[in-house]
Protein chains: 2
Amino acid sequence: MSQYTAPLDDIRFVLDDVLDAPSQFARLGFGDASPEVVDAVLEEAARFTSGVLAPLNSVGDQQGCRHDPTTGDVSTPTGFKAAYAQYVEAGWPGLTAAPEYGGQGLPHAVGTAVSEMINGANLAWGNFPLLSHGAVEALRQHGEDWQREVFLRPLLEGRWTGTMCLTEPHCGTDLGLLRTRAEPRGEGDYAITGTKIFITAGEHDFTDNIIHLVLARLPDAPPGAKGISLFVVPKFKVARDGTVGERNAVRCGSIEHKMGIKGSATCVMNFDGAEGWLVGKAHGGLRAMFTMMNSARLGVGLQGIGLSERAYQNALRYARERLQSRSLTGPKFPEKPADPIIVHPDVRRMLLSIKALTEGSRMLALHAGSLLDVVVHAHDPDERERAETLVSFLTPISKACQTEWGIENTYNALQCFGGHGYIVEHGMEQLARDARITTLYEGTTGIQAMDLMGRKTATSQAAGLKLFLAEVEAFCAANESDSHIAADVATLRAKCTEWSELTRGVLGSAASNPDELGAAAFDYLFYSGYVVLAYWWLRASVAARASGRSAAFREAKRETARFYFARILPRTLAHAAAIRAGATPLMALEAGHFDG
Amino acid sequence: MSQYTAPLDDIRFVLDDVLDAPSQFARLGFGDASPEVVDAVLEEAARFTSGVLAPLNSVGDQQGCRHDPTTGDVSTPTGFKAAYAQYVEAGWPGLTAAPEYGGQGLPHAVGTAVSEMINGANLAWGNFPLLSHGAVEALRQHGEDWQREVFLRPLLEGRWTGTMCLTEPHCGTDLGLLRTRAEPRGEGDYAITGTKIFITAGEHDFTDNIIHLVLARLPDAPPGAKGISLFVVPKFKVARDGTVGERNAVRCGSIEHKMGIKGSATCVMNFDGAEGWLVGKAHGGLRAMFTMMNSARLGVGLQGIGLSERAYQNALRYARERLQSRSLTGPKFPEKPADPIIVHPDVRRMLLSIKALTEGSRMLALHAGSLLDVVVHAHDPDERERAETLVSFLTPISKACQTEWGIENTYNALQCFGGHGYIVEHGMEQLARDARITTLYEGTTGIQAMDLMGRKTATSQAAGLKLFLAEVEAFCAANESDSHIAADVATLRAKCTEWSELTRGVLGSAASNPDELGAAAFDYLFYSGYVVLAYWWLRASVAARASGRSAAFREAKRETARFYFARILPRTLAHAAAIRAGATPLMALEAGHFDG
C-alpha cells in the first residue's frame, strides 16, 4: 500500500522562507498565530493525517460506503467515523473560523497547509468535512442572524457537517436548468421538492445532523439562472431557537459507484417537501452559490497537491529500491546486481516533473491561502480589494492546474512502478483513480478555463492579470542582477510579455467572435499556470539560497527550479501556438460530421 | 454502459484510399485477398466484435477472473469462453498465418484492422488470444521442425493458446537478472523451475492446453542477458509426435488484482521442474524474446487505438445529447432548453483531439501492418529489408504513442461526460482504467523511447529515420504545388528538417555522455510521433479529396487535418525544447537529495 508522511519541511519552507508568512500573520493581527503556535499546529496535523488518516486510505477504497435502501442510511468504511471523532475532538473543523462562532481564528495559510495534508493522507475521508466550509461561508455571508446563530457553531465544531446541493440529473454546469421547487409554507419556511445528484457527503454516519444548502426555484422565479434561490435544509429540522426536531423529508436514494474516492459517499438526495429556509435574497442563489464554489474550488485544488505529494513519496522510494539495468554511463552500484532505477534519466524526468509541479503548486496554493487572510483581515480596503481580485484570478488557475497536474503526477508516479503500478496492492493505482475526480467536480477544467478567460479576464479588463504581472515584475526588477537566476529572470519577463500579448490577442478577436474566448480558454489557462509556477520557482530558488536550510535542501530547490525552466516551462510554446491558432480549427467542422 | 461499433468506414478509407492496399495485396501475391474477400472479412469482424465481444466488455470488468487456489484453475467471466469458441469456429486465430500451418494467409494489414476491432470491443478478452501470435512467431522462426509441426497448428486453430513467460518478481525490463532455471534431463528435454509473474492468459478455461514460452537459464549460462534461453513448456505435456500427455508441473499460483482489464487473467505461474524443450539456440533466448516482443508491441499499440475509438464514439454521442448552456455566439437550438455541449469550443477541442489522434494512429498502424506484409511476402530482398528497417523503426513509436494517446483520449472522452464520466454505469471510467495498462506492459513508454533512441537510431545510424524521411519528402515533392495543402507541406518539411537536426544533436552529445540518449528519449519519441502523424494527416487530406466518399466524410478529414496542424502538431515545440535542454537538468540533482 502507498505510504504518506506529511511534507512538513517543505510547507515550513514555503510559509517561512518564500512567503514570509510570520510577518504577514503579525501584521494582520493574528495574535494567536505565533511561529510556535503555527509550528505546533502543523506538527499536530502531520501526526493526525500521517498517523490516523493515511492508514485508512486503502480501507476506504476497498470497502467503499454502503447504502441501506430501506432506511436511506449510509455507513462509512471501518475507522472513518472514529477518525472524524478525533478530528472534531482536536478542534480541526474550526481552525480558520472566526472565534465569535467558536472558531480558532488561525490564518487560512495554515488551514491550507492542513487541508493539503488531509488530502494527501486520505482524499475520500477529507471530502466529508470539506464541504462544510462552503456551507459555513454561504450562511455567514448571506444568512439571516438566526441562521448564523443556529447553524454556524455546530458546523464549525464539527458536530454537524454541511453539503452543497446544486447538481440535478439534467443539469450540472448549467444550473439555470434546475427544477427543484421551493413552495412557501406561510411560517417563513419553504417546502423543498426535487432530486439532487452527486451530493458529496449527502448522507453518512459521522454526525447527528447534516445541513444541506440547496438551490431551488421559488414559484415566481424567472426562468434560468436568475430564478435560483438558496435554502438551508437540515436532515433533522432545526427551529429558530436551535432546537433540533424531527426528521426532515430529505433522504438519500442511492450512492454512486465510482472510479475512485470510494470511501466518499456521493449521494442522490431526494427532497420530498422538506422544510427549508431561504438563505439570502429570493432569486439571489447564484451569488451565494459562487461563495460556496470559490471556497470549494481552492479546496479541490489542494486535493491535487495532496495526491501528488503522496504519489511522489512512493515513486521516489520505489525508484531508490528497485534494481533494474545499469546506468548508461556505467554501473553506479557495482556491488548490487543492477542499479536502482533512479539512475536512469527517464525515471528522473518523471520524478522531477512530479516534484516541480507539486512543490510549485504548493507555493501557489499557500499564496492563495495567504491572500484569503488579507481579504478577511487587512485594515486597508484597497489592500483587501487587491487581494480579492488576485485570489479570484488565481482560483481557476489553481483549481484546474493543480488537479490536472495531480492527474499527470499520479500518472508518472504509477509509471515509475512499471507493471507493479497497475497492481492494487501497491496503492499507486488508487491515487490515479482518486485523482480522476478532481478535474470534474466543482467545475470541470473547461469551466475553470472559461471562468479565467471570461469572467476573470474579458469581463474585468484583465484586472487580476495586471496585478499579478506587477508583482512578478517587481520581483524581476529586484533580482535581475542576481547572476544565479538572471537568465531565468529574463525568460520569465519574456513569458509575461507574451502572456499580455496573448491576452490582448484573444480579447481583440473575441470582440467580433465570442467563440474565440472558448477556443483559447483551455490553453490560455495552462499557459497562465506554467508562467505562474515559473515565478514561484524563481522565488523558491532565491528563498532557498538565502535560507539556513541544509545544503541538500538548497540544492534540491535550485536544481528543481532549473529543471522546471528547462523541461516544463517550454510547454507554454505549444499552448501559445494553440491560442494563436484561434477558433476556426475548432469550429469549422459541422457538428453532424464529427463521425462523417 | 459504453457502446462500440466497429469503424468500418474509416478502416476502408485507410486501406483503400490512403494506403492503396488492394494494389499491394495483388502485387505481393495475396491471391485470396481480393477486395471482395477483404471486405467480407472486415464485415464479419465488425459483426463479431460489435455484436459478440462488445457487450461482454463491462461483464468482464464487473466479474473479473476467479482463481481456485486448490486446483490453480482460472475461470473467466460469463460469456468469455463461449465468445472464444465462436472466434475459433470462425477461424480468426489463423487469419494472417501461413496456409501450411492451417492459417488463412490473409494480409497483416487486414489482421491489424481486425485486432483494432477486437480491442475496441473488449480489450480484456482480446488479451487471451493476443499472445498466441508471439508464441507462434517464436516457434516458427526459432523452433525445431517437430516443434513447429506439433505446436503451430493447434495454436493457429485456436485449440491452444500461447503465453510469454518473461517477467519475474525482481526483474521486468532487465531480464538479465532472471533466475528461472532449466536443468537438462537427458532426453533432450529440460526441467524448468522458477516463478514468473504478470503472465497474461497464463491460465484460463478457454482451451484444453496452454503453451508457455519461458525464458530461463541453463546450468552453464553466462551471467546477464547473454545467458538466457527460451523454452516451450505446455500445460499438458506434448510428445514429439504431438500426443498430449499428463499435466505438466506448471501451475497458476494466483491472479493479480488490477486497476483494469479485470476480465484478463494476469497470472503468477509457478514452474516446479516442469518439462520444457529448448527453442532455438542455448543462450539465444533474448533474440527469440525480441521476436515475440515486436509482435506483441504492435498488438498493444492497437489496444490504444481500439480504446480511443470506443471512447470517441461514446463521447461524441454524449456531446450531441447532453444539453447544457448556450453557445457563446447565441443559441444554436433555441427550441431546446439549452444547446448540446458539442457547440462549446472546449468540448470540440477534446473531441477533435481524440479524433485526430485516433484516426491518425489508425493510418500509422495499418501502414505498419502493410509493412509486415512486405517483410514476409515481397520478392525483392532489398524491399523486404527496407520494410523490416522501417517497421522496426516505427514499432516503438507506434506502441508508445498509440498507448499514451489512448490514455489521453480516454481521459478526454471521460472529461466530456463531466461528473457522469466518473460513474461506473456510463462505462467511460472502465476505458480509462483499461487504457492505463497499455503504457506499462510489453515495455513501458520509457523502454520504447530508449529502443527508438538507442537501438533504432544511435546504433543503426538512424537508418529507419532516413527511410521514413525519404518517404515523406517524396510525398511533399509530389504535393508541394497543391494549393489546398501547400502551407502544411511546408510545415511538415520544416519539422522533418528539425527532426534530423535534433537527431544529430542528440547523437553528437551522446558521444561524450551516453545519458544524453536517455535524457532525450521520451521527448524524441513524441516529437517523432507527432511528425509521423502530421505526414499521415496530410496523406488523409489528399486521399479524402480524391476519393468518392461523401462530402461530410471529406469535410471531416480536411478539418481534422487542419485541426491537427493547428492544435496538436505544435506540441513538437515543447518536445524540441526539452530535447535541446539536454541531460544536465535531469542528472544534476543527487539521487539522495530528491527529498532534500
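The chains referred to below are lettered A, B, ... by the order of the sequence lines, with proteins before strands, and numbering in each begins at 1.
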Handout entry: Part of R554(B) lying under 4.5 Å from any heavy atom of chain A
Key =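 Contact with chain A is absent: no heavy atom of R554(B) under 4.5 Å.
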
Exercise for the section: Below 4.5 Å from any heavy atom of chain A, which atoms of E404(B) appear? Answer side chain, backbone, both or neither. Expected result: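 Answer is side chain: those atoms of E404(B) sit under 4.5 Å from chain A.
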
Under 4.5 Å heavy-atom distance to chain B, tell me which part of [X] shows up: side chain, backbone, both or neither.
X       : value
V343(A) : backbone
A521(A) : neither
M450(A) : side chain
I342(A) : side chain

Look at [options] and state which one has the largest set of heavy-atom pairs under 4.5 Å with chain B.
options                            : answer
G172(A), G421(A), P7(A), G446(A)   : G172(A)
S327(A), G419(A), G330(A), G454(A) : G419(A)
L414(A), T445(A), T173(A), L517(A) : L414(A)

Problem - Pair T439(A), Y411(B): side-chain N/O donor-acceptor within cut-off below 3.5 Å - result: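 Yes, a side-chain donor-acceptor pair sits under 3.5 Å.
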
Practice task
State, without any angle test, whether T444(A) and Q415(B) hold a side-chain donor-acceptor pair at a distance under 3.5 Å.
Solution key: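 No donor-acceptor contact under 3.5 Å links the two side chains.
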
Practice task
Verify the ring-centre separation between F553(A) and H593(B): is it less than 6.0 angstrom?
Solution key: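 No; F553(A) has its ring centre 6.0 Å or more from that of H593(B).
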
Determine yes or no for a side-chain-to-main-chain donor-acceptor pair under 3.5 angstrom, with [X] supplying the side chain and [Y] the backbone.
X       : Y       : answer
K355(B) : F594(A) : yes
D174(B) : Q324(A) : no
R348(B) : L586(A) : yes

Problem - Any side-chain heavy-atom pair of R436(A) and E429(B) under 4.5 Å - result: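 No, side chains not in contact.
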
Practice task
Verify salt bridge (Lys or Arg N to Asp or Glu O under 4.0 Å) between R349(A) and D523(B), making sure each step is shown before the conclusion.
Solution key: CA-CA 10 Å; R349(A) 177 187 62 77; D523(B) 289 284; 5.1 Å; no

Handout entry: Ion pair R320(A)/D595(B), N-O distance below 4.0 Å
Key =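 A salt bridge is present here (some side-chain N lies under 4.0 Å from a carboxylate O).
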
Problem - Taking every non-hydrogen atom, the tightest pair across G418(B) and L440(A) - result: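 Scanning both residues completely, I find the closest heavy atoms to be O-CD2, 3.3 Å.
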
Handout entry: Exercise: identify the closest heavy-atom pair between L177(A) and L323(B)
Key =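 Looking at all heavy atoms of both residues, the closest pair is CD1-O, 3.8 Å.
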
Practice task
Heavy-atom pairs under 4.5 Å with chain A are the metric here; pick the option from R571(B), M587(B), E256(B) that has the most.
Solution key: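 When all of R571(B), M587(B), E256(B) are compared, M587(B) has the most.
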
